[in-house]
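Read through the structure below, which is laid out as C-alpha cells, and then see the notes.
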Number of protein chains: 2
Amino acid sequence: MTLRMTRAEAVAAIGELFREHGYHGTSYGQITAATGLGKGSLYNHFPNGKEDMTRAVLDHVHAWFEDNVFEPLDASPNPSEAIDHMFAAVRSYFRSGRRLCLLGAFSLYDVRTSFDEEIAAYFTRWVKALAACLRRGGVSLKESRDLAMAVMVDIQGGLVMAHALDDSGVFKSSLARSAQTLHIRLDACATV
Amino acid sequence: MTLRMTRAEAVAAIGELFREHGYHGTSYGQITAATGLGKGSLYNHFPNGKEDMTRAVLDHVHAWFEDNVFEPLDASPNPSEAIDHMFAAVRSYFRSGRRLCLLGAFSLYDVRTSFDEEIAAYFTRWVKALAACLRRGGVSLKESRDLAMAVMVDIQGGLVMAHALDDSGVFKSSLARSAQTLHIRLDACATV
DNA sequence: GTCTATAGATCGATAGAC
DNA sequence: GTCTATCGATCTATAGAC
C-alpha cells in the first residue's frame, strides 16, 4: 500500500523542520511528530535516515524551482516578463522573507560536505537561467552573468537580513531593487 | 590562577567551531579538543555551558566590529575614507568570503530565540553607523538608510553565495560593487 | 507499510579528587 | 582551575511483531 502521507507531503514537512531547526537540530522525534510516521516507517522510506531525507528535501526544493522559476526563465520569449515572473515566484516562495532558503542555510555549515555539489548545482542552474534570459534581452554576456549573480546575492542577503532584523520589508526591498536594476538594463538594451 | 588559554583565545576557538559546525553541531568533545579544556574547566568558565559560550562568542565578535568597523565609521571625518576602511576590514575579517558571518548564520535557525536581540542589535548598530557616515557625506537621510541596508544585504548575500559556490570571487565582487555604489553617491553629493 | 521495544552511541551536565 | 568518572537524557539505528 501507499504511505499515510504522500511521500511529497512527508518530504515537505521534513523540509520545514530543517528550515526551522537545521539538520543537527532536527531529531527523529520531531520528524515523527510532524509526519505522523514512526521510526520504522521513516527508515523504510529513507533507509539512510536523515541523509536520505535531506537529499529528498533538496531535490524537492530544486524541482519546485525548476518548474516555477528556472524553466519559465528558459522558455519565456519576453525577458522582462520572465524577470517579473521570477521575482513574483521568489517572493511568494519565501513568503516575503519570513521563510528562509534551505539551500543557502545548508551551504553555510551544518551538512556542507555531503551536499555541496547539489547545493552548488542549484545555484549554478539559477544563475545560468537568469543570465541567459538577460542575454536574450540584449545584455552582454559578461554583464548578464554579473547581474544574475548580483541578483542571487541580493536574494540570499535579503533573506539573511530579513531574518536577523525580523523585518520582511528588507527582503521585499531587496527584490524590488534587483528587479528595478534588471528592468532598467533591459530597457536600455531594448531602445538601442 | 589563570586559564591555560586566555579566555579570549578560548572564546575565539569556540567561535570557529560554531562557524564551521553550527551550535547544535558542536559538541563538548570538539570544544575540549579545540581549547585543551576539559568539561570541568569549561563549565567552570561558562556555568551555563554552550549558551554562555555562545553569548561570549557573539560579544567577542561584536566587540571586534565595534573597534574595527563601527567606531571608525563614527569617528572618521572623511566618509569616503571611512567607507574604504570598512570594506577593507570586512574583507580581511571574512577572509575574502571563506569565513562566514556567525551572526548571520545564527540568525537563520539554530539558536534564534535565545540570541535574536543581540544579533539584531549587532546589525542595527552596523546599519546605523554606516548610514550616519553617508549622511555626513551629504546623502539624504532616507537614501543613507537604504544604501546602508543594501550594503549589509550585499555582504551577507555575498558570503552565502561564496560558500554555496565555493568561490571567494563572488564575495569580493559584492564588496567591490557595494563600495563603488557608495563612492559614486558620495562623489555626487560632494560636487553639489 | 507501520508500529513498539530496545540496543548502542553520544551528548549535556554534575560530582568530587587533585 | 583542572581533571576524571559518571549519571541521566537524548539520539540514531535496528529488530521483530502486526
Side-chain angles (χ1 to χ4, degrees), chain A residues 1-60 102 105-106 109-115, chain B residues 1-60 102 105-106 109-115:
Chain A
M1 278 296 288
T2 178
L3 274 153
R4 223 162 254 224
M5 266 179 140
T6 315
R7 183 182 167 94
E9 286 173 335
V11 168
I14 295 167
E16 291 308 313
L17 287 177
F18 285 165
R19 271 177 217 280
E20 198 162 350
H21 306 108
Y23 182 88
H24 291 110
T26 302
S27 70
Y28 285 87
Q30 290 172 293
I31 297 172
T32 293
T35 61
L37 295 167
K39 287 184 187 177
S41 299
L42 290 173
Y43 276 100
N44 181 40
H45 294 285
F46 307 98
N48 285 39
K50 288 208 284 182
E51 185 180 331
D52 284 356
M53 295 181 200
T54 302
R55 190 149 277 119
V57 167
L58 295 183
D59 287 349
H60 184 257
L102 195 57
F106 273 16
Y109 40 61
D110 237 355
V111 283
R112 233 191 356 241
T113 54
S114 316
F115 303 103
Chain B
M1 277 297 286
T2 180
L3 274 152
R4 220 160 255 224
M5 270 182 136
T6 315
R7 183 183 167 93
E9 287 174 335
V11 168
I14 295 168
E16 291 308 313
L17 286 176
F18 285 164
R19 270 178 220 280
E20 197 163 348
H21 306 109
Y23 182 87
H24 291 110
T26 303
S27 69
Y28 285 87
Q30 290 172 293
I31 297 172
T32 293
T35 61
L37 296 168
K39 288 186 185 176
S41 298
L42 291 172
Y43 276 100
N44 181 38
H45 294 286
F46 307 98
N48 286 40
K50 287 207 285 182
E51 185 180 329
D52 283 358
M53 294 180 200
T54 303
R55 190 149 276 120
V57 167
L58 295 184
D59 287 350
H60 183 257
L102 194 57
F106 273 16
Y109 41 60
D110 237 359
V111 284
R112 232 188 359 240
T113 55
S114 315
F115 303 103

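Letters A, B, ... mirror the listed sequences (proteins, then strands); counts begin at 1. All values below come from the heavy atoms of this structure, side chains included, with hydrogens, waters and symmetry mates left out.
For A:Phe46 and A:Tyr28, the distance between ring centers is not under 6.0 angstrom.
Of the residues near DNA chain D, A:Gln30 and A:Pro47, the one whose nearest nucleotide (by heavy atom distance) lies more toward the 5' end is A:Gln30.
Summarising the geometry, the separation between CG on B:Asn48 and C1' on C:dT14 is reported as 13 Å, rounded to the nearest angstrom. We find that CZ of B:Arg7 is positioned 14 Å from C1' of D:dG1, with the value rounded to whole Å. A straight line from CD1 of A:Ile14 to P of D:dT12 spans 12 Å, rounded to a whole angstrom. As a whole-Å value, the separation of B:Phe46 CZ from C:dA13 P is 14 Å. Atom NZ in A:Lys50 sits roughly 15 Å away from atom P in D:dT14 (whole-Å rounding). Rounded to whole Å, atom C1' of D:dT2 lies 17 Å from atom CD1 of B:Ile31. Atom NE2 of A:His21 and atom C1' of D:dC11 are 16 Å apart (whole Å).
No side-chain heavy atom of B:Tyr43 sits under 4.5 Å from any side-chain heavy atom of B:Asn48. In this structure, B:Leu102 and B:Val57 have side chains that are in contact, with non-hydrogen atoms separated by less than 4.5 Å. Side-chain contact between A:His24 and B:Tyr23 is absent, with no heavy atoms from C-beta onward closer than 4.5 Å. Between B:Ile31 and B:Lys39, the closest side-chain pair of non-hydrogen atoms is not below 4.5 Å.
Taking only side-chain nitrogens and oxygens, A:Ser27 never comes nearer than 4.0 Å to OP1 or OP2 of D:dT10. Distances shorter than 4.0 Å separate none of the side-chain N or O atoms of A:Tyr43 from OP1 or OP2 on D:dT14. At the phosphate of D:dT14, neither OP1 nor OP2 sits under 4.0 Å from any side-chain N or O atom of A:Lys39. A close approach under 4.0 Å does not occur between any side-chain nitrogen or oxygen of B:His24 and OP1 or OP2 of C:dC11.
Relative to the side chain of A:Tyr28, the nucleotides D:dT12, C:dA13, D:dG1 differ in distance, and D:dT12 lies closest. Side-chain proximity of A:Asn44 to C:dT2, D:dC3, D:dA13: nearest is C:dT2.
Heavy atoms of B:Thr26 sit under 4.0 angstrom from primed sugar atoms or phosphate atoms, though from no base atom.
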